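Nothing here was measured: the structure is a model prediction, and the numbers come from that model. Residue numbers begin at 1 in each chain, while the letters A, B, ... track the order of the sequences.
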2 protein chains.
Amino acid sequence: MEFGHIRRSEHLPARIAGQIARDITEGRMRPGEKLPTEHFLAKALGVSRSVVREAIAQLRNEGLVETRQGVGAFVTEAHARPIRIEQDDLADRQSFRDLFQLRVPLEIEAAGLAALHHTADDLRRIDEALASMSGGEKWTAEGIVADLVFHRAVAAATGNEYFSVFIGFIAERISLAIDAARAAAVLEEIVEVTIEEHVALRDAIASRDPKRARKAMKMHLLGAAKRLDLTLEGYEVASD
Amino acid sequence: MEFGHIRRSEHLPARIAGQIARDITEGRMRPGEKLPTEHFLAKALGVSRSVVREAIAQLRNEGLVETRQGVGAFVTEAHARPIRIEQDDLADRQSFRDLFQLRVPLEIEAAGLAALHHTADDLRRIDEALASMSGGEKWTAEGIVADLVFHRAVAAATGNEYFSVFIGFIAERISLAIDAARAAAVLEEIVEVTIEEHVALRDAIASRDPKRARKAMKMHLLGAAKRLDLTLEGYEVASD
DNA sequence: ATTGTAAGGTTGTCTGATAACCTTATATGG
DNA sequence: CCATATAAGGTTATCAGACAACCTTACAAT
């Protein structure tokens, strides 16, 4: 018995958009070039103009084309396109580790900057996150969320929004992966030490000592990596 | 005389999508919740169904909602949404510096990892980038591009794709900003020292000495910051 | 030479209809 | 009673055609 994928034609506009997107990213259409008119494309592809319009709308949304009413649709200059990162990639262990590896220097730097720049408000939010971690006795979904909130709060305290965005993204993905992959039972016994590490980090930030904050964050992340059975090179010997 | 930009009411569907997007990101609509039907929205907003459809299509491709034919449109779970970073943010000097500040730890880490993991191919690509930098006598657009290629090549040599993606994004934005803001004349006289720094970095990577590679990258970035008249805290005293 | 006007083409929006699809309720047969 | 089939209604997906808004170009008017 063979079920074979029924080509659910997964959204007609998306397929058309994908095809045009490939034409653009692979260089068959150059920046500044004008796309055929909607009428032409509709006729050529054998679909209605609505479908073509939706496809073009998607391309516009992805930043690949710009449209001007009464004129046409044009391929955008490459540098105007936004970055976009899908998930689905961190399913395997390799990419999980890669993501963690990316996280380490960012978080360490953030801790240092947070020590320098945090406001009273920032510190209050960090303390709140810490409280909600200690409060709940369980290292369940809420614990994971609280951890995420804590790291976000630290990132926010840098006063640099890029750190918030990037760390928020990374930490969230990692927390999710942990949530999915690890048994809660294993993690419960190590929750205390984790909280200790967080408290140490919080105090270092509060004392406005960037060096100590960086060290505390580094210790925390290395501890986390160890608990997750990850090995990170270059951090046993690195001086800071 | 003031002309002020005429508010071209910039695309009806985009405004509607924006409004709904705000409802979602600001928590007024919860993940899993069903949106009103297209008919209802069209009636309620006083526009045609086409416009509503286009708005929803935009939300779908931003990953904020999912639609199921014959059922409806639903707010997606937050963790399924892709990250997306527009430019438009780094117009002012503040965010330019913020971006640079984010770049520093990433590039330093990447240099260390590149020293550990680079293959012969990676090194070849780094050398090629270096050659095209030294080759062109001018620090024009081509010079900027070559610099970008160099940093990308280093990032690729880490063997960690996340570094490639993030650094690629950041470096490109920064290079563009430099291209736009700085006079080429000023930069021409310092091109030699920049190339020297790149060569030092390349050699450190080639010798598979992560500590030296990190240091070389750090020196390069601090030098670049200085040339751009940026001040980065925490790097005069930080040990590594 | 500058300004006004008309024409044609393209995207934006509207309207209405049909197809494909899902859910739920009801009927049917065991 | 239970499982399956069928029907009904609602929703999104697609189609078709029209008009509106807008831009460009060419040409006429001043």
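- Applying the 4.0 Å criterion to OP1 and OP2 of D:dA13, one finds that B:Thr67 has a side-chain N or O inside that range.
- The B:Gln69 side chain lies nearest to D:dA13 when the options are C:dT11, D:dA13, D:dT24.
- Checked by atom type, the side-chain pair B:Gln58/B:Glu54 shows no donor-acceptor distance below 3.5 Å.
- Closest approach to the A:Arg53 side chain among D:dC15, C:dG12, C:dC22 is made by C:dG12 (side chain taken as heavy atoms from C-beta onward).
- With sequence neighbours left out, the salt bridge (charged side-chain N to carboxylate O under 4.0 Å, His left out) criterion links B:Arg49 to B:Glu38.
- Going from atom CZ of A:Arg68 over to atom P of C:dT10 covers 14 Å, rounded to whole Å.
- Distance, B:Leu12 CG to C:dT11 P: 18 Å, rounded to whole Å.
- Judged by closest nucleotide on DNA chain D, B:Val71 is the one of A:Gly70 and B:Val71 placed further toward the 5' end.
- Taking atom CD of residue B:Glu54 and atom P of nucleotide D:dT12, one finds them 16 Å apart after rounding to whole Å.
- Every residue two or more places apart in sequence or in another chain was checked for a ring-ring contact (aromatic ring centres under 6.0 Å, His included) with A:His118, and none qualifies.
- Partners of A:Thr119 according to the side-chain hydrogen bond (donor to acceptor under 3.5 Å, both in side chains) rule, which considers only residues two or more places apart in sequence or in another chain, are A:Asp122.
- Taking the ring-ring contact (aromatic ring centres under 6.0 Å, His included) definition, one finds that B:Phe150 meets it with B:His198, sequence neighbours left out.
- Of the candidate nucleotides D:dC15, C:dT13, C:dT11, C:dT13 has the atom nearest to the side chain of B:Pro13.
- Atom pair B:Arg15:CZ and C:dG12:C1' shows a separation of 13 Å (rounding to whole Å applied).
- The stretch residues 35-50 of chain B touches DNA chain D through B:Thr37, B:Glu38, B:Arg49, each having a heavy atom within less than 4.0 Å of the strand.
- Not counting sequence neighbours, A:Glu161 has no partner by the side-chain hydrogen bond (donor to acceptor under 3.5 Å, both in side chains) test.
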